[in-house]
Enquirer: 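This is the structure I want to talk about, given as structure tokens.
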There are 2 protein chains.
Amino acid sequence: MKRVTVYDIAKEAKVSVTTVSRVLNGTAPVKHSTRKKITELIEKYQFQPNALARSLTKKETKMIGIILPDITNPFFPEVFTGVENALAEAGYTFFLCTTGGNDERESAYLGLLREKQVDGIIFMGGRINSVECPPVLAEEVVNLSKHIPIVLVNGTLPGNPLPRVKTDEYVGAEMVTEHLIELGHRKIGFIGGMEETTTTVEKVAAFESTLKKHGISPRKDWIRYGDFSVACGRKLMSGLLKERDRPTAVFCVNDFTSVGAIKAAIEAGLSIPDDVAIVGFDDTPLASSIIPELTTVSQESNRLGVTAFHVLQRLINGEQVEELSVIQPRLLVRESTVKK
Amino acid sequence: MKRVTVYDIAKEAKVSVTTVSRVLNGTAPVKHSTRKKITELIEKYQFQPNALARSLTKKETKMIGIILPDITNPFFPEVFTGVENALAEAGYTFFLCTTGGNDERESAYLGLLREKQVDGIIFMGGRINSVECPPVLAEEVVNLSKHIPIVLVNGTLPGNPLPRVKTDEYVGAEMVTEHLIELGHRKIGFIGGMEETTTTVEKVAAFESTLKKHGISPRKDWIRYGDFSVACGRKLMSGLLKERDRPTAVFCVNDFTSVGAIKAAIEAGLSIPDDVAIVGFDDTPLASSIIPELTTVSQESNRLGVTAFHVLQRLINGEQVEELSVIQPRLLVRESTVKK
DNA sequence: CTGAAAGCGCTAACAT
DNA sequence: ATGTTAGCGCTTTCAG
């Protein structure tokens with residue numbers, strides 16, 4: 001079962017490898033008759049050029065790396081479906097690198113991707129979401145970006161302007177807060193997310209500022225941090241609900257925590273949205289599956305993904321790209337804040 | 001920003017490339033002093049060997065391909081988290097290929113993966129789940145498997161014994177049915193899944209046979225096919241509930257359809273599990289997030305993934321592997337069938 | 001329109 | 001313990 005190479009084809013067609021290469025790549029005119037002969041042999045042997053060899057000479061692999069913290073959070077797969085189509089169409093293929101937000105795994109993957117000579121990297125989560133990204137880690141990415149185009153999705157490396165694509169989470173959080181205030185809520189809490197994560201910080205900032213804008217002073221004790229999981233949402237919510245004086249509406253850092261919050265509320269015998277309104281973020285499929293359906297903010301994850309890839313592609317082609325592409329989020333009002 | 005190669009290192013260390021290669025791979029003893037010198041240079045230049053070149057000579061890429069229909073169904077990411085750790089530990093990296101169950105995209109990816117010289121492929125969904133897989137498509141996979149190790153997850157290519165790893169969905173479906181019968185249900189329906197899909201067929205077979213075993217004759221009009229989506233579950237369930245004579249329990253092909261079914265039931269003003277009991281399949285995170293929590297069958301997706309990779313790895317190493325590895329599913333009884 | 005030959009960056013015999 | 005040399009399979013000048 002010997003692998004057939006351009007040489008085999010060339011020999012049997014009685015031409016040089018160059019010619020075979022030419023019909024393979026359409027890189028120069030080839031006489032019709034010889035082209036036909038070669039094409040037939042390719043067909044006959046089901047010949048497929050070895051991408052490694054090709055990439056080695058061309059210095060281009062048509063492979064990219066996608067780094068993200070947690071494939072289990074439906075938000076990320078959503079971003080993919082966007083990327084994947086664009087990718088496939090452009091003949092790219094990608095390595096999926098799940099890091100669990102772990103710095104060392106990130107570093108390891110960064111190295112691996114470089115070894116594999118990927119043409120570019122899409123980086124989500126992890127250190128680029130950290131409020132205080134250790135300089136060493138930032139530098140590592142910046143250095144690599146000198147060899148390989150990197151685009152950051154929904155994150156940043158302060159002081160190091162790498163091309164970024166993001167949804168405007170600040171605006172999204174404003175929308176949520178405005179929405180709740182409009183519904184008459186004055187006592188609003190915020191739960192979930194790690195305090196040292198930009199996603200969280202940005203949302204809380206918008207949340208507080210919007211409250212103030214409406215003459216409501218934010219209450220620190222109604223802002224409770226944790227992580228991004230269902231379990232966390234449940235725990236924080238149930239704690240919040242135990243207070244004598246408790247909020248009538250809660251803004252959750254993402255859909256996962258919202259689901260936890262909803263469970264906690266129902267367990268506490270409360271009805272949603274009458275006793276307490278709940279809002280999520282991300283508009284994962286979960287949001288419209290759960291009962292009550294969740295009011296949430298769409299990050300336009302699909303578009304986010306497509307945009308990220310397009311920016312990367314331009315970077316790869318050596319074209320100029322905007323340093324920051326912002327995508328507008330969209331508030332989706334559903335049953336968890338407004339009765340049907 | 002010239003890329004540094006083994007030659008650069010060798011020259012500066014005043015040794016031959018071979019020696020550099022040796023310290024890189026630990027493939028032969030190197031004097032301590034020269035090793036040190038080389039290591040320092042590697043450090044200094046942040047040198048990383050070019051994996052393409054290496055793979056080209058070694059005929060091994062440490063890359064594998066994972067083909068699956070839909071990354072948006074949480075079941076698949078779950079399988080990953082299993083695979084990924086095992087993979088990363090063994091120094092492998094993988095291409096994620098999402099096909100949407102589309103035959104052509106599958107074929108395209110199969111070709112692409114071959115070009116990229118992956119060491120192996122894990123194949124899930126699509127044609128290997130089809131009851132009547134067109135011979136051309138089956139042959140394509142079988143032929144490829146002569147060049148590249150392939151393991152099929154939860155699927156098969158009839159008459160073509162490729163190594164397979166699967167959860168015993170038949171047993172899982174038996175468990176579900178037994179469970180419902182035990183609870184006193186005699187009128188049980190089944191919804192969702194495509195009729196030409198093995199997953200569906202197997203479940204329905206087990207379902208019907210278990211019913212018969214208990215003297216209940218299955219009713220064809222209570223078995224309704226569709227696909228694997230939430231929307232489908234909702235539609236089918238709501239149809240079923242409109243019948244005068246309707247089931248008191250419904251077995252859904254997967255968690256997604258269960259969620260739809262739950263929504264439909266609640267919309268119809270029914271309470272779960274009192275008026276109608278609902279069971280899912282897969283135990284995706286969704287199952288324990290939803291209210292009521294879903295009784296479902298765990299496919300042990302994590303273990304499934306790990307096992308798949310281990311089989312693949314043995315295949316890659318030219319070791320003997322069992323043609324079929326079966327993983328036992330587990331019934332998880334929750335609120336959607338039994339009141340808390 | 002076609003071919004010879006060099007080279008991509010690395011590993012692996014085969015010496016020494 | 002180290003070096004020489006020949007590939008791996010392809011693309012790409014450079015010459016016809």
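Per chain, numbering begins at 1; letters A, B, ... match sequence-line order. Heavy atoms only: backbone and side chains are in, while hydrogens, waters and symmetry mates are out.
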Enquirer: Between the side chain of A:D8 and the main-chain N/O of A:T5, is any donor-acceptor distance below 3.5 Å?
Expert: yes
Enquirer: Is it true that B:R127 and B:S107 share a donor-acceptor pair across their side chains at a distance under 3.5 Å?
Expert: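 A pair is found: one side chain offers a donor N or O, the other an acceptor, under 3.5 Å apart.
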Enquirer: Could you state the atom-to-atom distance from NZ of B:K11 to P of C:dG9 in whole Å?
Expert: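 Atom-to-atom, B:K11 to C:dG9, this comes out as 13 Å.
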Enquirer: Can you check the A:R22 CZ to D:dC14 C1' distance for me, whole Å?
Expert: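 These atoms are roughly 11 Å apart.
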Enquirer: Please name the residue in the list B:F94, B:Y92, B:F95 that meets the ring-ring contact (aromatic ring centres under 6.0 Å, His included) test with A:F95.
Expert: B:F95
Enquirer: Identify, between A:V17 and A:A28, the residue whose nearest nucleotide on DNA chain C lies closer to the 5' end.
Expert: A:A28
Enquirer: Among D:dC10, C:dA12, C:dC1, find the nucleotide with the atom closest to the side chain of A:T57.
Expert: D:dC10
Enquirer: Please pick, from D:dA1, C:dT11, C:dC1, the nucleotide with the shortest atom-to-atom distance to any side-chain atom of A:P29.
Expert: C:dC1
Enquirer: Tell me the interatomic distance from B:I38, atom CD1, to D:dG3, atom P, rounded to whole angstroms.
Expert: 8 Å
Enquirer: Nearest whole angstrom, please: distance from the P of C:dT2 to the CD1 of A:I9.
Expert: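 So the two atoms are 16 Å apart, to the nearest Å.
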Enquirer: Would you indicate which nucleotide in D:dT4, D:dC10, C:dC10 comes nearest to any side-chain atom of B:S16?
Expert: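 For the B:S16 side chain, the nearest candidate turns out to be D:dT4.
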Enquirer: Is the distance between the ring centroids of A:F123 and A:Y109 less than 6.0 Å?
Expert: no
Enquirer: Verify the contact: side-chain N or O of B:T5 to OP1 or OP2 of C:dC8, cut-off strictly under 4.0 Å; return yes or no.
Expert: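 False: B:T5 side-chain N/O out of range (4.0 Å or more) of C:dC8 OP1/OP2.
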Enquirer: Take atom CD in B:E323; do more than 12 heavy atoms of anything else shown fall under 6.0 Å from it?
Expert: yes
Enquirer: Side-chain N or O of B:T34 versus OP1/OP2 of D:dA1: is the shortest distance under 4.0 Å?
Expert: no
Enquirer: Starting at CG of A:L56 and ending at C1' of C:dC10, how long is that distance when rounded to a whole Å?
Expert: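 That distance rounds to 8 Å.
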Enquirer: Mind calculating the distance between CZ (B:R3) and P (C:dC10) to the nearest angstrom?
Expert: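 Whole-Å distance recorded here is 7 Å.
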Enquirer: Could you list by number each residue of residues 109-118 of chain B showing a heavy-atom separation from DNA chain D of less than 4.0 Å, or answer none if no residue does?
Expert: none
Enquirer: With respect to the phosphate group of D:dT11, does any side-chain polar atom (N or O) of A:K59 fall under 4.0 Å of OP1 or OP2?
Expert: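 A:K59 to D:dT11 OP1/OP2: no side-chain N or O under 4.0 Å.
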Enquirer: How about CD on A:E319, more than 12 heavy atoms from neighbouring residues, nucleotides or ligands closer than 6.0 Å, or not?
Expert: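 Counting neighbours around CD of A:E319, more than 12 heavy atoms of other residues, nucleotides or ligands fall under 6.0 Å, so yes.
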Enquirer: Classify the side chain of B:T18 and the base of D:dT4 as holding, or not holding, a donor-acceptor pair under 3.5 Å.
Expert: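 It does, because a donor-acceptor pair links the side chain of B:T18 to the base of D:dT4 below 3.5 Å.
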Enquirer: If you only use heavy atoms from C-beta on, which nucleotide in C:dT11, C:dC8, D:dT2 is closest to the side chain of B:K31?
Expert: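 So the side chain of B:K31 is nearest to D:dT2.
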Enquirer: Expressed in angstrom and rounded to an integer, what is the separation of B:I42 atom CD1 from C:dG9 atom P?
Expert: 16 Å
Enquirer: Could you pick out which residue, B:V30 or A:N25, lies toward the 5' side of DNA chain D when each is mapped onto its nearest nucleotide?
Expert: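 Its nucleotide being nearer the 5' end, the pick is B:V30.
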Enquirer: Which part of the nucleic acid, if any, lies within contact of A:V15, taking any heavy atom under 4.0 Å across all strands shown: a base, the sugar-phosphate backbone alone, or nothing?
Expert: sugar-phosphate
Enquirer: Nearest to the side chain of A:S21, heavy atoms from C-beta on, is which of C:dT2, D:dT11, D:dT2?
Expert: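 So the nucleotide nearest the side chain must be D:dT11.
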Enquirer: About how many Å separate NZ of B:K62 and CD1 of B:I316, when rounded to the nearest 0.5 Å?
Expert: 8.0 Å
Enquirer: Under 4.0 Å between a side-chain N or O of A:N50 and OP1 or OP2 of D:dC8?
Expert: no
Enquirer: If you count every heavy atom of other residues, nucleotides or ligands that lies below 6.0 Å from B:E104 atom CD, does the total exceed 12?
Expert: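 Incorrect, the count does not exceed 12.
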Enquirer: Nearest whole Å is fine: how far is D:dG3 C1' from B:K14 NZ?
Expert: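 So the NZ-C1' distance, B:K14 to D:dG3, works out to 16 Å.
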